[in-house]
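Just so it is clear, the values below take in all heavy atoms, side chains as well, and ignore hydrogens, waters and symmetry mates. Not measured: the values here are computed from a predicted model. Proteins get letters first, then strands, A, B, ... in listed order; numbering begins at 1 in each.
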Amino acid sequence: MSLAVPADYILARDACSYGYFLLAPNYWHVPTQTLWRVVELPSGPVRIGISQPGATWRVAKGRALVVSTHRAVGKADRPELARQVTRMLRLDEQPDVLAAFHRLDGRWKRLGSGRLFRSPTMWEDVVKTVTSCNVAWPNTMTMNARLCEVYGAPVPGLGVGAKGLSFPTPETIARQRPLSLRTRCRVGYRDARIVALAKMFVSGEVRPGWFEDPATPDEDVRAALIELPGIGPYAAHNVMQLLGRYGHLPLDSESVRHARTILGFKGPAPRMMKRLERHYAPFGSHKFRSYWLELWDFYQSKRGKAHTWDRETTGRTFTAAMLAG
DNA sequence: GGTAGACCTGGACGC
DNA sequence: GCGTCCAGGTCTACC
């Protein structure tokens, strides 16, 4: 299957733009510059590989993606497959919106970055965010791998392994006892919160369509997210950027380090947080992208371009905390 | 409305 | 070896 992309799209740059591309069931295969994962389609789980022809970025830029599947995918499945890939890679991000961001923050115009990787569903983004709170990055990777291994749907014919399993559906997680998640997936105290979230997605109490509707005001989305179990200010703002709402900063310990080491801020963390808000305020509704690309640029300056990171080695140790250690 | 303390887990660190 | 600390925070109970 072929999927058209915006004229400025480069898969290796835009898929490897946010840490979630390293979390199961996503798998970026460095030698072939291909993104593998299992997605859930109406006919069942399918493993897909997404690549972009072209020996160099200059050649690849704007060329249609090739989406391969491990089995034949019928016509009925194709719109859903396209929808999920489009969401992950933000192919529906309009070039004029990106251009507006580049006008405001010219540092990223030459490279063209600004589309940040996310999950095929809001559900997966929310769980990935909850599993990234109050833990070191390798632990987040473990939690996501185990969630897929224990509760993901196996793809027939591929055997059981993290690369042949889907991300668990909210329906599956909603049926589990919290203690089961805790012991089998090592999610710790996040167990009951994740199960509660799953139940809310299943019951319709959380409607992704409402959160993703551009007509829904940011502040309504923020208020609704904060009400969700396991979601505080940091997680709410992070889920917002994953929803394409970049006007709030998910400030955390990583931000404080960035402020201290790169921006040269001094003083206690709470004061630094306030100063960070002021620092990025000029970028308005685009401020997260300015902040994030700065952070991502720092990681890459230390560990090489993200599209060269192997999930099990560099991919486990790229955060500032790991670099410091 | 602002703020200590507890909270799973696993790796790093100091002794 | 073993205790302590803390990592891409959240939640509750207090004041």
For this session: Provide the distance between the two P atoms, one in C/dT4 and one in B/dA6, to the nearest whole Å.
Result: 13 Å
For this session: Report yes or no: is there a donor-acceptor pair, N or O only, under 3.5 Å between the side chain of A/R182 and the base of B/dC8?
Result: no
Exercise. Within the structure shown, what part of the strands sits under 4.0 Å from A/P250 by heavy-atom distance: base, sugar-phosphate, or nothing?
Worked result: nothing
Exercise. Can we call the ring centroids of A/Y291 and A/H279 under 6.0 Å apart?
Worked result: no
Problem set entry | Audit row: A/W36, A/N26, side-chain contact (heavy atoms from CB on, under 4.5 Å) steps and yes/no | CA-CA 6 Å; A/W36 293 96; A/N26 300 312; over 6 Å; no
Seminar exercise, completed: Atom NZ of A/K274 and atom C1' of B/dG2 are separated, to the nearest Å, by 10 Å
For this session: Tell which nucleotide pairs with B/dC8, taking only Watson-Crick or G-U wobble pairs whose two distances are both under 3.5 angstrom.
Result: none
For this session: Assign each of A/Y18 and A/I226 to its nearest nucleotide of DNA chain C by heavy atoms, then name whichever residue's nucleotide is nearer the 5' end.
Result: A/Y18
Exercise. Does a side-chain N or O from A/T129 land closer than 4.0 Å to OP1 or OP2 of C/dG8, or not?
Worked result: no
Problem set entry | Between B/dC8 and C/dA13 - P atom distance, rounded Å | 15 Å
For this session: Check every strand shown and say whether A/P229 touches a base, only sugar-phosphate, or nothing at a heavy-atom separation below 4.0 Å.
Result: sugar-phosphate
For this session: Could you check how far CG of A/L249 sits from C1' of C/dG9, rounded to whole Å?
Result: 16 Å
Problem set entry | A/Y299 ring center within less than 6.0 Å of A/F318 ring center | yes
Exercise. Heavy atoms under 4.0 Å, any strand shown: does A/G232 hit a base, just sugar-phosphate, or nothing?
Worked result: sugar-phosphate
Exercise. Contact class for A/L295 vs. all strands (heavy atom < 4.0 Å): base, sugar-phosphate, or nothing?
Worked result: nothing
Exercise. Would you call A/L181 and A/Y151 a side-chain contact if the rule is heavy atoms closer than 4.5 Å?
Worked result: yes
For this session: Determine the interatomic distance between P on C/dG8 and the same-named atom on B/dG2; round to the nearest Å.
Result: 27 Å
Exercise. Whole-Å distance between B/dA12 C1' and A/N139 CG?
Worked result: 14 Å
Exercise. A/M273 has an atom CE; how far is it from atom P of B/dG2, in whole Å?
Worked result: 16 Å
Seminar exercise, completed: Winner on side-chain proximity to A/C133, out of C/dG9, B/dC8, C/dG8, is C/dG9
Exercise. Whole Å only: how far is the CG atom of A/L251 from the P atom of C/dG9?
Worked result: 11 Å
For this session: Can you tell me the pairing partner of C/dG8 across any strand shown, Watson-Crick or G-U wobble, with both distances under 3.5 angstrom?
Result: none
For this session: Find which nucleotide of DNA chain C each of A/R193 and A/Y20 is nearest to by heavy atoms, and output the residue with the more 5' nucleotide.
Result: A/Y20
Problem set entry | Donor-acceptor pair between A/R71 and A/S43 side chains, under 3.5 angstrom | yes
Problem set entry | Side chain of A/R186 - closest among C/dG8, B/dT9, B/dC8 | B/dT9
Exercise. Quick one: A/L181 CG to B/dC8 P, roughly how many Å, whole number?
Worked result: 14 Å
For this session: Look at the side chain of A/N134 against the base of C/dT10 and say whether a donor-acceptor pair falls under 3.5 Å; ignore hydrogens and angles.
Result: no
Exercise. Out of C/dG9, B/dT9, C/dA7, which has the shortest distance to the side chain of A/Y189?
Worked result: C/dG9
For this session: Would you mind reading off the distance between A/D191 atom CG and C/dG9 atom C1', rounded to a whole angstrom?
Result: 16 Å
Problem set entry | Ring center gap for A/H286 and A/W108 short of 6.0 angstrom | no
Seminar exercise, completed: Rounded to whole Å, the CG-P distance (A/L225 to C/dC11) equals 12 Å
